[in-house]
Amino acid sequence: MIAGMTSPIPLAITLAILALSLTYVRSRMKWRIRTRGLPFPPGPRPLPLIGNILDLPRIKPWRKYTEWCAQYGGLVYLQAPGISLAIINDAEMAVELLDKHSAKTSDRPQLPILKLSGQDLNFCFFPYGERWRRHRRQFWQRFHRSAISQYLKEQRTGVHRLLGRLLDSPAHLKSNIGLSFQGTMLKIVYGFDVVHENDKRLSIASAALDALVQSTPGHFAVEMFPSLRYIPAWFPGAGFQHTLAHSKAATLRLKHELFAAAKDIADRAGSNSCLATDLLARAERNEGSASTATDETLAQEVCLVTVEGSADTTSWTLEGFFLAMSLYPDVQKKAQKELDAVIGPNRLPDHDDSDSLVYVNAVLKECLRWHVTAPVALPHCAMADIEIRGYFIPKGTTITVNTWQMLHDPEVYDQPEEFRPERFIKDGKLDSDVKDPEAIAFGFGRRICPGRHFALASLFINIASLLHVFDITPPLDENGQPIRVNRPEDCRCNIKPRSAAAEALIREAQRAADAAGGEN
Ligand code: HEM
């Protein structure tokens with residue numbers, strides 16, 4: 001090399017370092033402008049490269065979220081490659097982020113598992129936008145507060161049949177509850193009268209519900225590593241493809257077969273008054289317009305979501321009610337005393353009795369709070385960057401609501417592990433100063449549960465009727481000794497009619513319900 005001449009290699013390295021430094025500084029400046037210098041909300045410290053991937057809980061995540069709540073407060077943030085997660089632990093924060101900022105927080109995360117499992121047909125999981133809006137509007141028109149009066153008769157029929165079945169086979173509590181709620185929903189949605197548990201239409205609905213549970217996030221590696229969705233089903237370790245394909249087939253069967261069967265009944269009998277034919281009539285009124293084909297699809301999918309959204313949620317809440325009654329006999333006696341005074345021995349409760357049954361209503365609120373049906377609600381997703389209470393949440397962040405913590409916050413509900421309906425009552429009336437679990441359990445913002453009025457009416461008539469005629473006590477072991485069950489998953493209990501008069505009332509109501517049910 002000639003003396004005095006600089007080597008081109010170090011020059012190239014210097015230029016590369018300069019370019020990299022400039023790019024880094026530019027991206028830092030852009031980020032600073034974007035975040036306006038605000039930090040992410042607090043949370044567990046991320047590791048280099050992998051972030052918080054090892055912190056993310058997969059089983060009963062609300063437990064870990066609640067620990068973090070104690071450490072970091074009402075809003076916790078985690079990040080990992082491809083993951084940005086905000087966890088809301090307090091109700092005020094949820095209102096602020098999901099109600100007040102709803103224009104930015106009403107999306108749902110779009111995981112590949114939704115398409116693979118067929119849940120992309122269920123508007124619970126739709127991205128925010130016109131398609132979601134059309135489905136939700138059709139649903140809401142039929143399930144808002146005043147609209148649900150049209151379903152109360154079917155709810156009563158379902159409860160009266162449940163009372164009869166519990167008299168015959170009290171040991172099969174879970175399946176009797178499932179049959180009752182699914183049967184009522186199939187009648188409302190498709191016009192079928194499902195009486196027996198081996199009814200094929202019931203198994204189609206049950207299979208789709210099982211599929212929905214199986215496809216909920218938290219089960220499959222493909223959620224973390226989306227590219228795994230391209231692995232063929234025959235590849236070792238790709239068993240998830242079979243499971244999800246099976247789920248998809250079950251969902252499609254519910255969507256198409258039960259809808260076609262409802263149409264078939266209407267064609268044969270000349271009419272079939274139900275949600276499916278109501279939505280179909282709307283689709284036919286639009287005949288000639290370009291949207292007819294999509295309107296029928298919309299009708300099928302609204303029916304699907306009504307069956308899928310309703311059955312397990314209300315069943316789980318009622319299972320929690322049975323557990324609570326077997327563990328808290330004083331609560332049960334107090335509710336029965338109120339029912340005896342208001343309803344008397346000669347009839348069963350009705351929806352119209354609700355205003356006079358303050359304690360029963362408090363039991364219902366406590367059921368929503370104590371044994372939370374959706375401890376972690378369906379996630380929302382940020383559609384834009386958000387600034388909240390001095391923190392920055394980037395667009396695309398998954399926003400999870402820790403409902404369990406909100407309903408078990410000792411600052412709000414004294415001794416939250418205790419089942420105590422009295423907490424909601426003051427001077428013989430429901431106390432509006434106590435946070436109503438209804439304002440939390442059904443979610444927040446534009447995605448708040450649109451089936452909540454139906455669910456509350458259904459839970460009220462179930463709880464009031466069951467308490468009026470049955471005594472619920474802990475299950476007995478083989479020696480006749482009470483077993484103390486206290487896991488929410490296990491609602492075994494002993495169910496006996498309160499008196500011979502109560503038994504007669506059940507039989508009479510069951511006969512009337514079967515006679516009213518029809519032959520479909
Ligand atoms: C105790 C019973 C129920 C509970 C605790 C419950 C709870 C919830 C929650 C937490 C959400 C998510 C809200 C959010 O994203 O912030 C939701 C959504 C939904 N629920 Fe319910 N639900 C119940 C009963 C029902 C019933 C009976 C129906 C149908 C008749 C229903 C239909 C739906 C639908 C369609 C959505 C999706 C809303 C959307 O994404 O726009 N739910 N529910």
Side-chain angles (χ1 to χ4, degrees), residues 114 117-126 134-136 138-139 141-143 150-151 153-155 157-158 161 175 177-215 245-284 292-315 450-451 454-455 458 517-520:
L114 294 177
S117 63
Q119 292 310 323
D120 58 337
L121 306 175
N122 180 333
F123 81 76
C124 290
F125 304 106
F126 281 9
R134 289 183 68 218
H135 280 68
R136 181 156 172 133
Q138 290 308 316
F139 182 93
Q141 281 170 3
R142 290 156 181 89
F143 284 92
Q150 62 186 307
Y151 311 123
K153 179 175 160 275
E154 295 309 340
Q155 287 188 349
T157 303
R161 281 181 170 157
S175 57
I177 293 177
L179 176 57
S180 169
F181 283 120
Q182 285 181 35
T184 304
M185 228 47 207
L186 290 181
K187 178 77 179 168
I188 289 171
V189 177
Y190 299 110
F192 312 140
D193 197 38
V194 171
V195 181
H196 300 292
E197 55 192 330
N198 47 8
D199 190 307
K200 187 179 148 221
R201 297 163 301 188
L202 186 71
S203 22
I204 293 177
S206 301
L209 286 168
D210 290 347
L212 176 67
V213 173
Q214 277 186 351
S215 347
H246 189 72
S247 294
K248 186 170 185 158
T251 309
L252 287 172
R253 263 194 100 184
L254 172 58
K255 176 180 164 180
H256 293 288
E257 285 189 32
L258 296 195
F259 196 84
K263 275 167 79 174
D264 190 45
I265 293 175
D267 288 345
R268 279 189 289 111
S271 75
N272 176 19
S273 171
C274 62
L275 184 69
T277 53
D278 173 22
L279 285 160
L280 202 59
R282 178 194 155 275
E284 279 161 8
T292 312
T294 51
D295 278 346
E296 180 154 346
T297 306
L298 184 147
Q300 290 172 325
E301 290 173 359
V302 170
C303 289
L304 168 90
V305 82
T306 310
V307 175
E308 288 198 333
S310 63
D312 278 352
T313 44
T314 20
S315 307
F454 181 92
S458 167
E519 289 296 311
N520 290 332

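Predicted, not measured: the structure shown is a model, and the values here were computed from it.
Under the 4.5 Å side-chain criterion, counting only non-hydrogen atoms from C-beta, Glu308 is in contact with Leu254. Residues Phe192 and Ile265 have side chains in contact (heavy-atom distance under 4.5 Å, counting atoms from C-beta outward). Considering only heavy atoms from C-beta on, Arg161 stays 4.5 Å or farther from Leu179 through its side chain. Residues Val302 and Arg142 are not in side-chain contact: their nearest non-hydrogen atoms beyond the backbone lie 4.5 Å or more apart. A 4.5 Å side-chain heavy-atom check between Phe123 and Glu301 finds every atom pair outside the cut-off. A 4.5 Å side-chain heavy-atom check between Leu209 and Gln182 finds at least one atom pair inside the cut-off. Residues Glu296 and Leu280 are in side-chain contact: their nearest non-hydrogen atoms beyond the backbone lie under 4.5 Å apart. Counting heavy atoms from C-beta outward, Val307 and Leu258 have side chains that stay 4.5 Å or more apart.
Closest heavy-atom contact between Ala276 and Cys303: CA-SG, 3.6 Å. Heavy atoms only, all atoms of each residue included: Ala207 and Ala250 are closest at O-CB, 3.8 Å. Between Tyr151 and Phe454, the shortest heavy-atom contact is CB-CE1, 3.6 Å. Heavy atoms only, all atoms of each residue included: Gln138 and Leu279 are closest at OE1-CD2, 3.9 Å. Of all heavy-atom pairs spanning Thr184 and Ser180, the tightest one is OG1-O, 2.7 Å. Shown here for Lys255 and Leu304, the closest heavy-atom pair between the two residues is N-CD1, 4.1 Å.
The distance from atom CG of Leu212 to atom CG of Asp312, rounded to the nearest 0.5 Å, is 7.5 Å. The line from CZ of Arg201 to NE2 of His196 is 10.5 Å long, rounded to the nearest 0.5 Å. From Gln141, atom CD reaches atom CZ of Arg136 across 12.5 Å, with rounding to the nearest 0.5 Å.
Ion pairing of Asp295 with Arg134 is present here, as a side-chain N (NZ or NE/NH1/NH2) and a carboxylate O approach within less than 4.0 Å. Note on Arg268 versus Asp264: salt bridge recorded, some NZ/NE/NH1/NH2 to OD/OE distance being below 4.0 Å.
Distance alone, capped at 3.5 Å, is enough to place a donor-acceptor pair between the Thr277 side chain and the Asn272 backbone.
Using the six-membered ring where Trp is involved, His135 and Phe126 have ring planes that are perpendicular, over 60° apart on the 30 and 60° scheme.
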* **side-chain contact (heavy atoms from CB on, under 4.5 Å) evaluation trace for Phe181 with Ser458** => CA-CA 9 Å; Phe181 283 120; Ser458 167; 3.2 Å; yes
* To do: Walk me through it: do Ser117 and Thr251 pass the test side-chain contact (heavy atoms from CB on, under 4.5 Å)?
  => CA-CA 8 Å; Ser117 63; Thr251 309; over 6 Å; no
